[in-house]
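Encoded as C-alpha cells, the structure appears first; notes follow it.
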There are 2 protein chains.
Amino acid sequence: MGERFLKSIRLLAECMQGYERLSGEYVRRSGLTHAQFDIIATLGNTPGMSYKELGDKTLITKGTLTGVIERLEQKGLVERQRNDCDKRSFFVRLTKEGERTFCTVFPEVIGNSGKVFADFSDDDFARLEKTLSELKNVIMAGQTESPSTRDCD
Amino acid sequence: MGERFLKSIRLLAECMQGYERLSGEYVRRSGLTHAQFDIIATLGNTPGMSYKELGDKTLITKGTLTGVIERLEQKGLVERQRNDCDKRSFFVRLTKEGERTFCTVFPEVIGNSGKVFADFSDDDFARLEKTLSELKNVIMAGQTESPSTRDCD
DNA sequence: TATTGTTATACTCTATAACTATA
DNA sequence: TATAGTTATAGAGTATAACAATA
C-alpha cells in the first residue's frame, strides 16, 4: 500500500495510454488494426522471423497470430516461407507492398505521435533514453527468461 | 527518418509491452479482462464517475463501455446511479464487492509486476518519476484538448 | 516427449453509426 | 443543437485447448 513504485507504474501506464491515444488515430487511419500494425512494425527492417519469434515480440499468442498473419497475407503485406532447417516452422516476412506500407505508415504514425517531442533538446532526449533504457532492462529482467539461442542461421 | 525521438518511442513501446506482459498474467488470473481491469483500477479510490469520464480515462469508447460496464454489473462489481443534476448521465462506482476486488486484485497485479523494482533506490525512483512526469506532460499536451470543467458537484 | 503452427470454440473488444432522452 | 448513453452490426482480437507434423 502506497509503495514507491506505484507512482512510477501509474505514470508509465498514463504515458502508455496517452501515447496509444496519440498513435492509435494514425494507426486506424492506415486501415490496419493495432495488432496488424504491430506485426508490420515488428517485421519492418528485418529479414523476417518465425511465428514463434513474432509472437514473443508482439505479445500475440500463436492461435491469434495465425488469424492476424492470414489477414495480412490476404492484404498482400506479408508472405510465409517454410523454414528449411525446421520444417515445422514458417518464416514470415514483409512483401514488397508490405515494405511500402511499413515505409509509409510507420513513419506517419511515429512522426505524428512524435510531434509532441518538438521542443525536446538533445539533453532531454539523452535523459529520456537513459531512463527508459534502464526501465526497460528492469522490466525485461522480470520476464520469464526465454533466451532461445537459435543455432540455425 | 532516423529522427531522434524514434529511439525514445521504441523504448517506450518496449516498456509498455514488457509491462503488459508482466501484469497481463496477473490480470487474467483475476478473471477480469484487460478492459474490465482497466475500469476497476480507474474506479478504485474514487467516489465514481460518469461513462464519459471513464471513457476518457480508459480509452474505451462509449459503445464498448456499455458492454464492459454491463458485464461488470452482472459480476456485481460496479453499480450505476442516475446523475441527479444531469439526467442523461450515469454515475458508475464500485460496489462493496468491487472494492474488495480492487483491493485484492489491484495490489496483486501491481505488486507482482512491481517486483522488478526491488533494487531501485529512492534516487532511481525520483529520477524515473521526474522523467516520466515530463514525458506524460509532453504526451498529454499533444492530445486534442478537452478540459471539461464540470460544475455539478 | 517437446515444439511449431493449425483449428475450433466461445467470448470480448473494437469502430462506426443511427438512435433516445435529456440539456 | 449538442451531449450522454444505448443499440446494432460486422469484424477482429483473446484465451484456451485439442490436434498434426516435425524435432
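So you know, we letter chains A, B, ... as the sequences are listed, proteins then strands, and number each from 1.
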List every contact pair, protein side and nucleotides 18-23 of chain D side both N or O, where the distance is under 3.5 Å.
| unit_1 | atom_1 | unit_2 | atom_2 | d |
| --- | --- | --- | --- | --- |
| D:dA23 | OP1 | A:Lys87 | N | 3.0 |

Listing, residues 61-68 of chain A side-chain donor-acceptor contacts under 3.5 Å, not counting sequence neighbours, or none:
| unit_1 | atom_1 | unit_2 | atom_2 | d |
| --- | --- | --- | --- | --- |
| A:Thr61 | OG1 | A:Thr64 | OG1 | 3.4 |
| A:Thr66 | OG1 | A:Lys62 | O | 3.2 |

Output a table of donor-acceptor pairs, distance under 3.5 Å, between side-chain atoms of residues 38-49 of chain B and any protein atom two or more places apart or on a different chain; print 'none' if there are none.
| unit_1 | atom_1 | unit_2 | atom_2 | d |
| --- | --- | --- | --- | --- |
| B:Thr42 | OG1 | B:Asp38 | O | 2.6 |
| B:Thr46 | OG1 | B:Leu43 | O | 2.8 |
| B:Thr46 | OG1 | B:Gly48 | N | 3.1 |

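In this structure, B:Gln81 atom CD and D:dG5 atom C1' are separated by 16 Å, rounded to whole Å. D:dG5 atom P lies 11 Å from atom CZ of B:Phe91, rounded to whole Å. The CZ atom of B:Arg29 sits 11 Å away from the P atom of D:dT16 (whole-angstrom rounding).
Between B:Phe102 and B:Leu94 the shortest heavy-atom distance is CB-CD1, 3.9 Å. Between A:Glu14 and B:Met140, the closest heavy-atom pair is O-CE, 3.4 Å. Heavy-atom minimum distance, B:Leu132 versus A:Leu132: CD2-CD2, 4.3 Å.
Between the side chain of A:Ser89 and the main chain of A:Asp86, no donor-acceptor pair closer than 3.5 Å is present.
Regarding contacts with the backbone of D:dA12, every side-chain N or O of A:Thr33 stays at 4.0 angstrom or more from both OP1 and OP2. OP1 or OP2 of D:dT6 sits under 4.0 Å from a side-chain N or O of B:Arg80. Regarding contacts with the backbone of D:dT3, every side-chain N or O of B:Tyr51 stays at 4.0 angstrom or more from both OP1 and OP2. When the side-chain nitrogen and oxygen atoms of B:Ser89 are compared with OP1 and OP2 of D:dG5, one or more of them lie within a distance under 4.0 Å. Side-chain N/O atoms of B:Arg28 include none lying less than 4.0 angstrom from OP1 or OP2 on D:dT14.
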Are B:Lys75 and B:Gln36 close enough, and set up right, to give a side chain to side chain donor-acceptor pair (under 3.5 Å), and what steps lead you there?
CA-CA 11 Å; B:Lys75 291 187 181 189; B:Gln36 287 168 6; 3.2 Å; yes
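For the atom pair CD (A:Glu134) and CG (A:Asn137), the distance works out to 8.0 Å, reported to the nearest 0.5 Å.
Within a 6.0 Å radius of CZ in A:Arg10, no more than 12 heavy atoms belonging to other residues, nucleotides or ligands are found. Other residues, nucleotides and ligands contribute more than 12 heavy atoms inside 6.0 Å of the CZ atom of A:Arg93.
A nucleotide of DNA chain C counts as in contact with chain B when one of its atoms lies under 4.0 Å from a heavy atom; the first and last such, 5' to 3', are C:dT12 to C:dA23.
Applying the side-chain contact (heavy atoms from CB on, under 4.5 Å) criterion to B:Arg82, with sequence neighbours excluded, gives B:Phe90.
Taken residue by residue, residues 66-79 of chain B places heavy atoms nearer than 4.0 Å to DNA chain C at B:Val68, B:Arg71.
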